[in-house]
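One structure coming up, written as structure tokens, with questions to follow.
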Amino acid sequence: MRVTTSFPLGTLRNTPSEAEIISHQLLLKAGYIRRINSGIYAYMPLMLRVIEKISSIIEKELNTIGCTKLLLPQLHPAELWKKSERWEGYTAGEGIMFNLKDRQGKEFGLAPTHEEVITSIASEIINSYKQLPQCFYQIQTKFRDEIRPRFGLMRSREFIMKDGYSFHSSENDLASFYEKMGIAYENIFKSCGLQTVGVEADSGAIGGASSKEFMVTADAGEDSILFTQSGSYAANIEKAVSIPSQPIPIRDNISGLIETPQQKTILEVCKNNNLDPTQIIKVVVFIAKFESKAEIPILACIRGDQHINEVKLFNLVNKLHNSNLLNLKKIEDKNIIEKNLVDFPFGFIGPDLDNKTIKASSNWNKTWTRIIDSSASSLSKFVSGANKVNFHKVFQSFSFASNDYLVEDIRNAKKGDKIKINNNEVLKEKKGIEIGHIFQLGQKYSEKLNAKFSDKDGQLRNLWMGCYGIGVTRIAQAAIEQNHDQNGICWPIQISPFEVIIIPTNLKDQIQRDLTEQIYNNLKINKIQVLLDDRDDRAGVKFKDAELIGIPFQIIIGRDAINKEVELLCRSNNTKLKIDANNLLETFIKESKIMYNKNS
RNA sequence: CGGGGCGUGGCGCAGCUUGGUAGCGCGGGUGCUUUGGGAGCACUAGGUCGCAGGUUCGAAUCCUGUCGCCCCGACCA
């Protein structure tokens, strides 16, 4: 490709002010993307080549394990999503699915994901266990009405995703395919030149039993990963399980009511009464709203020095009820409290708060669902709210054993926690960018969409399903976050838009021009992906742009052209080789091979 | 949705306090010079100052409303 005739670069001298993180700034400055609207971007020619590179790496790896590529519609009829009972949750309120009506008033959604469509197709074309297993995938634009799009392609409203769906005759077969997919994912990310870590994850709104996320570690990441140094454990903070520190034993001479005027926070209570946060149980109040319109008030109790993990709590509450949980909110708003509660001692609530605090006139369920984290339930003597304004209380040998209480893990694991009692390894924390996520869905969708097959015994059974996503455009940006320097992008060669860029320093020099053409044509004939910067600009301009756009190799043709000598420069480590033009192709092939092998 | 910031040519910004009809750097075009690290000189094109009202002889500037973008959070995955 020639820059002047077929591949305008569109680089900028100044960094657009809208970009906060380095990868986003570089994508804009180097002309890879242009913003059209919040969270909506155009992929410019350079970017499209990166996307195509990543896509073909994915395709190659997935085809190897027997997956089949197809392309599904992006406009989905609401009825399909109503069958899976996700329409409400995905469109109402804070749902992420863009939706619209056609001229007849029929409802549609713009696809954020494709479980419904693929399951409905699978149910039609898969009849027998003999056709299983089967895995379909596609690479396509997804639409998500993100509450807050940010950081360019990291969280955008339109993005390119590889999504795959597998179908199995048994849970075992699903589990083993899931493992195979995990390995394929590792190969894919390695082939893209990325350093990733696989972590246990929450399966969120997609649902299902087991799920694993693949993270690119980077400070700009939106997720937190907890892991041990040895690699024995790694999980998303939303999912991570750990052992909290030992509580400090509470002193013997304390009992009964403690007057705690205006002391609404754990810290204030501790400071004024010579207590430690580990001796206190804090009670946080939530309201859970379900698709069935049911509203259930929740008391969540946890040791004072620990924090509630709302994802864990959400999943738990969701399981307790046979309707979908739409939304779980802390109760803080005065109006909501006044409308639904009576004599509510906000700031002084204990785990034994009376059900009578819920007003008869309220829409809420009239019993508190009491969920106790095990960090709290293991305390036999502790301090908590006395359910009376300005008072706390010492609970002596209080037990959470009755039916009123549910003891579960709703605690946020944190760095410094141990993962096993007899193991001194502690958790460390890093930020990560989620670029892939694999799920064992089980039969959730096949059941709702009636996708069955005949098993060996002639019985109709629900298909077992897995689903597997990779953020293609997100990989591109994450790769920049991991591979750049002060001068610009340093693409891993596997996903670079070109392998090499030719920079003639002075095109007015006939000798340089001739040598440039000769080298360019020779590389092209030999199927090297080469960009020729044939702009009649000064050398400095072309050097700067080449560094900015991050092509891994530069061939510089300059004064020594008269001696048939050129330079081969490596972008990432800045090493320069002076070579005879006749040996250039050979040397380049050798050097690029080394780089391909190093990265993957 | 709450908090903060910002909307002035393709990009980065100044001007606004104290109203007088828009400016700088980069980028673009033409010419000459220059040619291995974002060149120099000269000329030049390009802006309903986000939008709508209002105040005023006169509004980028003051007032009201509105839309949008970015960041933090909530939320979401």
Side-chain angles (χ1 to χ4, degrees), chain A residues 8-21 24-25 28-31 34-40 86 89-97 112-113 142 144-152 154-157 159 161 163 201-208 211 213 215 220-223 236-239 289 310-311 314-315 325-330 332-333 432-437 439 467 469 471 474 487-488 503-509 512-513 533 535-548 554-561 565-567 569 574 576 578:
Chain A
L9 294 178
T11 54
L12 302 170
R13 290 265 171 119
N14 299 318
T15 305
S17 61
E18 73 197 39
E20 194 75 6
I21 65 173
H24 185 197
Q25 290 174 349
L28 288 165
K29 192 175 177 203
R34 308 274 316 177
R35 191 180 67 83
I36 297 304
N37 205 290
S38 174
I40 302 176
R86 291 209 295 181
Y90 267 74
T91 58
E94 279 145 356
I96 58 159
M97 181 153 66
T113 177
K142 293 282 181 283
R144 293 190 183 173
D145 190 3
E146 292 287 347
I147 292 176
R148 184 146 89 87
R150 59 179 141 180
F151 302 149
M154 286 296 188
R155 184 168 294 274
S156 51
R157 297 195 287 175
F159 60 98
M161 179 176 177
D163 50 327
D202 175 62
S203 44
I206 304 288
S211 96
E213 285 170 340
M215 298 279 193
E222 295 185 272
D223 290 279
N236 190 311
I237 197 163
E238 294 171 343
K239 174 85 175 178
K289 293 190 180 175
E310 293 192 22
V311 174
F314 186 99
N315 290 339
L325 175 54
L326 291 181
N327 161 302
L328 181 72
K329 251 199 178 108
K330 259 190 210 170
E332 285 165 322
D333 187 271
I433 301 162
E434 177 192 344
I435 55 167
H437 200 160
F439 303 78
C467 88
R474 198 185 261 187
N487 296 319
I503 306 172
T505 57
N506 183 358
L507 278 173
K508 291 213 170 68
D509 181 324
Q512 289 188 28
R513 214 163 63 209
D533 191 349
R535 290 177 297 176
D536 187 16
D537 265 310
R538 293 165 67 88
V541 173
K542 296 199 252 189
F543 289 146
K544 289 285 182 196
D545 271 347
E547 278 161 359
L548 182 60
Q554 298 167 14
I555 292 170
I556 299 160
I557 298 166
R559 296 187 193 104
D560 296 331
E565 213 175 58
V566 299
E567 284 162 277
L569 189 135
N574 213 32
K576 224 184 243 183
K578 279 205 170 195

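As the structure is a prediction and not an experimental result, all values here were calculated from the model. Every chain is numbered from 1, with letters handed out A, B, ... down the list of sequences. Heavy-atom basis, side chains included; hydrogens, waters and symmetry copies ignored.
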List the residues meeting side chain to side chain donor-acceptor pair (under 3.5 Å) with A/Asp545, not counting sequence neighbours, and say none if there are none. A/Thr11, A/Arg535
The answer to which of A/Ile147 and A/Ala539 contacts RNA chain B further toward the 5' end, by nearest nucleotide, is A/Ala539
If you look at every strand shown and take non-hydrogen atoms under 4.0 Å, does A/Lys142 touch a base, only sugar-phosphate, or nothing?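 Nothing: the residue A/Lys142, judged by heavy atoms under 4.0 Å, touches no strand.
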Considering every strand and a 4.0 Å limit on heavy-atom distances, what is the contact class for A/Gln512: base, sugar-phosphate, or nothing?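 A/Gln512: no heavy atom of the nucleic acid under 4.0 Å.
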Counting only side-chain heavy atoms from C-beta out, which of B/G36, B/A39, B/A74 sits nearest to A/Arg148?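 Within the option list, the nearest is B/A74.
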Rounded distance in Å between the C1' positions of B/C6 and B/G15: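 My reading of the C1' atoms in B/C6 and B/G15 gives 16 Å.
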For A/Asn37 and for A/Val311, locate the closest nucleotide of RNA chain B by heavy-atom distance; then report the residue assigned to the nucleotide nearer the 5' terminus. A/Asn37
N/O to N/O distances under 3.5 Å, protein versus nucleotides 3-6 of chain B:
none

Decide side chain to side chain contact (heavy atoms under 4.5 Å, CB included) for A/Asp202 and A/Asn236; before the verdict, give the C-alpha distance in whole Å, the side-chain angles of both, and the deciding distance to 0.1 Å. CA-CA 8 Å; A/Asp202 175 62; A/Asn236 190 311; over 6 Å; no
Expressed in whole Å, how much space separates the C1' atoms belonging to B/A60 and B/G47? 11 Å
Have a look at A/Glu434 and say if it touches a base, only the backbone sugar-phosphate, or nothing, with a 4.0 Å heavy-atom cut-off.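 The residue A/Glu434 makes no contact with any strand.
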Nearest listed nucleotide, side chain of A/Arg35, among B/C70, B/C72, B/A39: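 Ranking B/C70, B/C72, B/A39 by closest atom to the A/Arg35 side chain puts B/C70 first.
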P spacing across the pair B/C13 / B/U8, given as an integer number of angstrom: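 Looking at atom P only, B/C13 and B/U8 are 10 Å apart.
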Shortest non-hydrogen separation from A/Glu20 to A/Gln25 and the atoms involved: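 Heavy atoms of A/Glu20 and A/Gln25 come nearest at O-NE2, 3.5 Å.
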Could you work out the separation of B/C1 and B/U21 based on their P atoms and round it to a whole Å? 41 Å
Nearest-Å distance, CZ (A/Arg150) to P (B/C69)? 15 Å
Counting N and O atoms only, with roles assigned by atom type, does the side chain of A/Gln512 sit under 3.5 Å from a partner on the main chain of A/Asn506, one being a donor and the other an acceptor? yes
When you compare the protein's N or O atoms with those of nucleotides 28-30 of chain B, which come within less than 3.5 Å of each other, and at what distance?
none

Taking NZ, NE, NH1 and NH2 as the nitrogens, is one of them in A/Lys508 or A/Asp536 under 4.0 Å from a carboxylate oxygen of the other? yes
Shortest non-hydrogen contact from A/Leu28 to A/Pro16? CB-CG, 3.9 Å
Using atom P in both nucleotides, what's the gap between B/U33 and B/A45 to the nearest angstrom? 24 Å
Could you check which nucleotide pairs with B/G38 in any of the strands shown, counting Watson-Crick or G-U wobble with both distances under 3.5 Å?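 Its partner: none found.
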NZ of A/Lys544 versus P of B/C26: gap in Å, rounded?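 To the nearest whole Å, that distance equals 16 Å.
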Between B/G50 and B/G10, how far is it from one P atom to the other, in whole Å?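 B/G50 and B/G10 have their P atoms separated by 13 Å.
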Which heavy-atom pair separates A/Leu548 from A/Lys29 by the least distance, and what is that distance? CD2-O, 3.7 Å
Any strand counts, and the cut-off is 3.5 Å on both contacts for Watson-Crick or G-U wobble. Which nucleotide pairs with B/C43?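 B/G29 - that is the nucleotide pairing with B/C43, both distances being under 3.5 Å.
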In chain order, what residues pass the salt bridge (charged side-chain N to carboxylate O under 4.0 Å, His left out) check against A/Lys330, with sequence neighbours excluded? none
Heavy-atom closest pair, residues A/Lys578 and A/Asp560: NZ-OD2, 3.0 Å
Sort me out a list of protein N/O and nucleotides 9-13 of chain B N/O pairs below 3.5 Å, or just none if empty.
{"from": "B/C11", "atom 1": "O2'", "to": "A/Asn14", "atom 2": "O", "distance (Å)": "3.3"}
{"from": "B/C11", "atom 1": "O2", "to": "A/Asn14", "atom 2": "ND2", "distance (Å)": "2.8"}
{"from": "B/G12", "atom 1": "OP1", "to": "A/Ser17", "atom 2": "N", "distance (Å)": "2.7"}
{"from": "B/G12", "atom 1": "OP1", "to": "A/Ser17", "atom 2": "OG", "distance (Å)": "3.3"}
{"from": "B/C13", "atom 1": "OP2", "to": "A/Ser17", "atom 2": "OG", "distance (Å)": "3.2"}

Atom CE of A/Met154 to atom C1' of B/C71: distance rounded to whole Å? 16 Å
Which base sits across from B/G73 as a Watson-Crick or G-U pair, both distances under 3.5 Å?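 Result: B/C1.
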Considering only B/U34, B/G37, B/C69, which nucleotide approaches the side chain of A/Arg538 most closely?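 Per side-chain heavy atoms of A/Arg538, the pick is B/U34.
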For the side chain of A/Leu548, starting at C-beta, report the closest nucleotide among B/A39, B/C72, B/G38. B/G38
Side chain to side chain contact (heavy atoms under 4.5 Å, CB included) with A/Thr113: which of A/Arg86, A/Met97, A/Met161? A/Arg86
Both distances below 3.5 Å, Watson-Crick or wobble geometry, any strand: find the nucleotide opposite B/G12.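 With both distances under 3.5 Å, B/G12 matches B/C24.
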Whole-angstrom distance between B/G9 and B/G27, as gauged at atom C1':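 Their C1' atoms lie roughly 11 Å apart.
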Atom CD of A/Glu20 to atom C1' of B/C69: distance rounded to whole Å? 13 Å
Regarding A/Lys329, tell me which of base, sugar-phosphate or nothing describes its non-hydrogen contacts under 4.0 Å with the strands shown. nothing
Could you please name the option among B/U34, B/C70, B/G36 that lies closest to any side-chain atom of A/Arg559? B/G36
Spacing of A/Ile503 atom CD1 relative to B/U35 atom C1', expressed in whole Å: 15 Å
Looking only at non-hydrogen atoms, find the nearest pair between A/Arg157 and A/Ser38 and report the distance.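 Taking every non-hydrogen atom into account, NE-O, 2.8 Å.
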Taking atom C1' in both B/C49 and B/A39, what distance in whole Å separates the two? 33 Å
Scan every strand shown for a Watson-Crick or G-U wobble partner of B/G68, both distances under 3.5 Å, and answer none if you come up empty.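 Because both required distances fall under 3.5 Å, B/G68 counts as paired with B/C6.
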With A/Arg150, which residues qualify under side-chain contact (heavy atoms from CB on, under 4.5 Å), at least two apart?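 A/Arg150 satisfies side-chain contact (heavy atoms from CB on, under 4.5 Å) with A/Arg148, A/Arg155, A/Glu222 only.
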Nearest-0.5 Å distance, CZ of residue A/Phe543 to CG of residue A/Asp533: 10.0 Å
Can any side-chain N or O of A/Arg144 pair as donor or acceptor with the backbone N or O of A/Pro112 at less than 3.5 Å? yes
For A/Ile36 and B/C70, give me the distance from atom CD1 to atom P, rounded to whole Å.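 It is 13 Å, rounded to the nearest whole Å.
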Quick check: does any side chain N or O of A/Lys542 sit under 3.5 Å from a backbone N or O of A/Thr505, one acting as donor and the other as acceptor?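 The answer is no, because no donor-acceptor pair under 3.5 Å joins these two groups.
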Please give, in whole Å, the distance from B/G36 P to A/Asp533 CG?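 Roughly 15 Å, once rounded to whole Å.
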May I have the distance from A/Asn327 (atom CG) to B/C1 (atom C1'), rounded to whole angstrom?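 Computing the A/Asn327:CG to B/C1:C1' distance gives 12 Å.
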Heavy atoms only, 4.0 Å cut-off, all strands: where does A/Ile556 land among base, sugar-phosphate and nothing?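 The residue A/Ile556 makes base contact.
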